[in-house]
Amino acid sequence: MKLAGIAIVIALGAVASRLLLARAPLRFAVDLAQPLPVATEWGRYGAAMWLVLAATLGAACIIYVLQLRAPLSIAGTLVAAGLALLAALWWLPLLSSDVYAYAAYGEMARLGLNPYVHHAAASDALIAAANWQWRPVTVPICVYGPAFVALARALVTACSPFGVVAVLMSFRVISCLALVACGYLAGILGGARAAAFVACNPIAIFAAAEGHNDSLMVAVVLLGIVIARRAPAIGATVVALAAAIKLPALAASLALAADRIVSRRDARAVLGGTIVGCAVVVIGSRALIAGLRANLAPHGHYVALASVQALGIPVSVLIALAVLLRMRTVHAPLDRWCVLALAAWIAIPNPYPWYALWLLPIAAFARDRRVVATTLAVTGAALLRYLPDAAALPNLPASLALGAIALTAYAPLVL
């Protein structure tokens, strides 16, 4: 049961979700005709889909916590994670359209188009499917690094002869394999419990099954940390290069260097590797930087949903300060870094569930039970962010209620 418990729960949830999907109102027939349906502004029906997912992952989290108390071997953990990922791959509908955008960026790169600028509606099947999914506007500009765009291009080139679904599924499979790799690397660093903490987390499992590239970024970061144990300069370079997949890896790179300095260890090799890796990323990301400056920054709108920030900036600042003050009560350096990460999480106006992969590899090595409990609660509360998209944007009372629930996740640490 320990080996397949999470997989069984997710499989049962997938069955329930598909049964509910089979009874979809007729007005959603166009949505269901898409290659992979995504619950988007489906009103009460979308809320019901979200409830099935939340109940499923909540039940899976019970088994997950029990596994953390008596973890399997690293090999057993990876098998358990693989089974759970297979079950999650069967889940429909998705609750995020990101995988469509990934496919569109790969197709743009394959066609010689710049994925870092907006393009008009195209007759190309992949780009048209992504534009439809992201209606009423076209697919947003790419905010990922050149390494991910190159991978997306390779996947599209290899799988496009087999149809749009094959392309979309290739991103989902790659993300799942990356999560298993994250578990393996975490196991090398911290043993079986660390492997289970990262790879068997139900939120991370569902995020990977949706195809999000965060698992790829985290896998490269963990690989760099493993290498840094024997070759600090090379390892630090690899950690920084993970930002060529997704920019948040820069935070991990800077933290690795800062930890060396704060702990008063010889930081020259790590600083050198960090500088080299960051320089390579900046040089390779010139198109990304130009796209962010020209397209995203001038047209972006601040909307905080299902987060502490939904309660207002003053409340967010006060809670962040309260979290930072708790650093005085934890003693292990890694626990303090985890508290800092939890405070930084409040700065995210829209903490999507797949962002949980940014926190889990840190908390996997934490010793303070309050820090661990808060991390699990915060990552679990990230599921709330699916609800506004699945059911439609909430009104003010609903937004405040979701923000209040997100706030309670910090209770184990703050109170």
Side-chain angles (χ1 to χ4, degrees), residues 14 17-18 21-22 24-42 46 49 88-178 206-216 245-246 287-288 291 295-296 352 354 386 389-390:
S17 181
R18 282 179 174 258
L21 193 66
L26 290 177
R27 65 181 181 275
F28 301 128
V30 177
D31 299 68
L32 301 183
Q34 299 311 302
L36 284 179
V38 180
T40 308
E41 297 186 359
W42 285 1
M49 284 292 185
L89 283 172
W90 195 59
W91 192 289
L92 282 181
L94 303 183
L95 280 88
S96 167
S97 301
D98 280 10
V99 71
Y100 279 92
Y102 298 166
Y105 303 146
E107 180 71 343
M108 290 174 190
R110 189 181 71 86
L111 296 175
L113 301 174
N114 183 359
Y116 299 108
V117 301
H118 287 290
H119 294 283
S123 58
D124 181 272
L126 274 174
I127 299 176
N131 284 338
W132 191 94
Q133 194 59 54
W134 284 88
R135 68 193 189 285
V137 297
T138 58
V139 63
I141 68 164
C142 181
V143 293
Y144 310 113
F148 180 71
V149 172
L151 174 62
R153 176 178 179 175
L155 290 176
V156 169
T157 302
C159 299
S160 56
F162 305 101
V164 174
V165 174
V167 173
L168 299 176
M169 288 301 298
S170 69
F171 285 94
R172 300 178 69 189
V173 171
I174 286 292
S175 180
C176 290
L177 293 175
F206 189 80
E210 281 197 315
H212 296 285
N213 57 11
D214 301 79
S215 58
L216 292 165
I245 297 174
K246 197 167 185 175
L288 167 60
N295 294 286
L296 191 61
Y352 286 99
W354 48 94
Y386 276 137
D389 291 343

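FYI, side chains are in, hydrogens and waters are out, and symmetry mates aren't considered; it's all heavy atoms of this structure.
Listed by chain and number, the residues in a side-chain contact (heavy atoms from CB on, under 4.5 Å) with Val173 are Leu177 (sequence neighbours excluded). Residues passing the side chain to side chain donor-acceptor pair (under 3.5 Å) test with Glu107, sequence neighbours excluded: Arg110.
With a 4.5 Å cut-off on side-chain heavy atoms, Tyr352 and Asp389 count as touching. Side-chain contact between Tyr144 and Ile245 is absent, with no heavy-atom pair separated by less than 4.5 Å. Two residues are said to be in side-chain contact when any heavy atoms from C-beta on lie closer than 4.5 Å; Val167 and Leu155 fail this criterion. In this structure, Phe171 and Leu216 have side chains that are not in contact, with every pair of non-hydrogen atoms separated by 4.5 Å or more. With contacts defined as side-chain heavy-atom distances shorter than 4.5 Å, the pair Ser17/Leu92 does not qualify. Within the 4.5 Å cutoff, no side-chain heavy atoms of Val143 are placed close to those of Lys246. Looking at Tyr116 and Val149, their side chains come closer than 4.5 Å, going by heavy atoms from C-beta outward. For the pair Glu210 and Asp98, the minimum side-chain heavy-atom distance is 4.5 Å or more.
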Please determine whether side-chain contact (heavy atoms from CB on, under 4.5 Å) holds for the pair Asn213 and Trp354, giving the CA-CA distance in whole Å, both sets of side-chain angles, and the decisive distance to 0.1 Å. CA-CA 9 Å; Asn213 57 11; Trp354 48 94; over 6 Å; no

Trace of the side-chain contact (heavy atoms from CB on, under 4.5 Å) decision for Tyr100 with Leu36: CA-CA 9 Å; Tyr100 279 92; Leu36 284 179; 3.7 Å; yes

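Among residue pairs with one or both ends in residues 146-157, none qualify as salt bridge (charged side-chain N to carboxylate O under 4.0 Å, His left out); sequence neighbours excluded. Note on residues 129-140: pairs passing salt bridge (charged side-chain N to carboxylate O under 4.0 Å, His left out), not counting sequence neighbours, are Asp31-Arg135. A salt bridge (charged side-chain N to carboxylate O under 4.0 Å, His left out) check over residues 136-148, counting only residues at least two apart or in different chains, returns nothing. Pairs of residues two or more places apart, or lying in two chains, that qualify as side-chain hydrogen bond (donor to acceptor under 3.5 Å, both in side chains) and include a residue from residues 168-178 are Ser175-Ser215.
Note that CD of Gln34 and OG1 of Thr40 are 10.0 Å apart. Values are rounded to the nearest 0.5 Å. Here CD1 of Ile174 is found 11.5 Å from CE of Met169. Values are rounded to the nearest 0.5 Å.
Scanning both residues, Gln133 and Val38, for their nearest heavy atoms gives NE2-CB, 3.4 Å. Across all their heavy atoms, Ala209 and Cys176 have their closest contact at CA-SG, 3.7 Å. Residue Val139 comes nearest to Met108 through the heavy atom pair CG1-CE, 3.8 Å, listed as atom of the first residue, atom of the second, then distance. Of all non-hydrogen atoms in Ala130 and Ala104, the two that sit nearest each other are CB-CB, 3.7 Å. Here the closest heavy-atom approach between residue Val156 and residue Ala103 is recorded as CG2-O, 3.6 Å. Taking each heavy atom of Ile141 and Gly291 in turn, the nearest pair found is CD1-O, 3.4 Å.
With hydrogens and angles ignored, the 3.5 Å screen pairs a side-chain donor or acceptor of Asp124 with a backbone N or O of Ile127.
Ring pair Tyr102/Phe148: centre-to-centre distance below 6.0 Å. Aromatic ring centres of Trp42 and Phe28 lie closer together than 6.0 Å.
Ring geometry, Phe206 versus Trp91: the interplanar angle exceeds 60°, so the pair is classed perpendicular (tilted spans 30 to 60°).
In this structure, Arg18 forms a cation-pi arrangement with Trp90, its terminal cationic atom sitting closer than 6.0 Å to the ring centre and no more than 45° off the ring axis.
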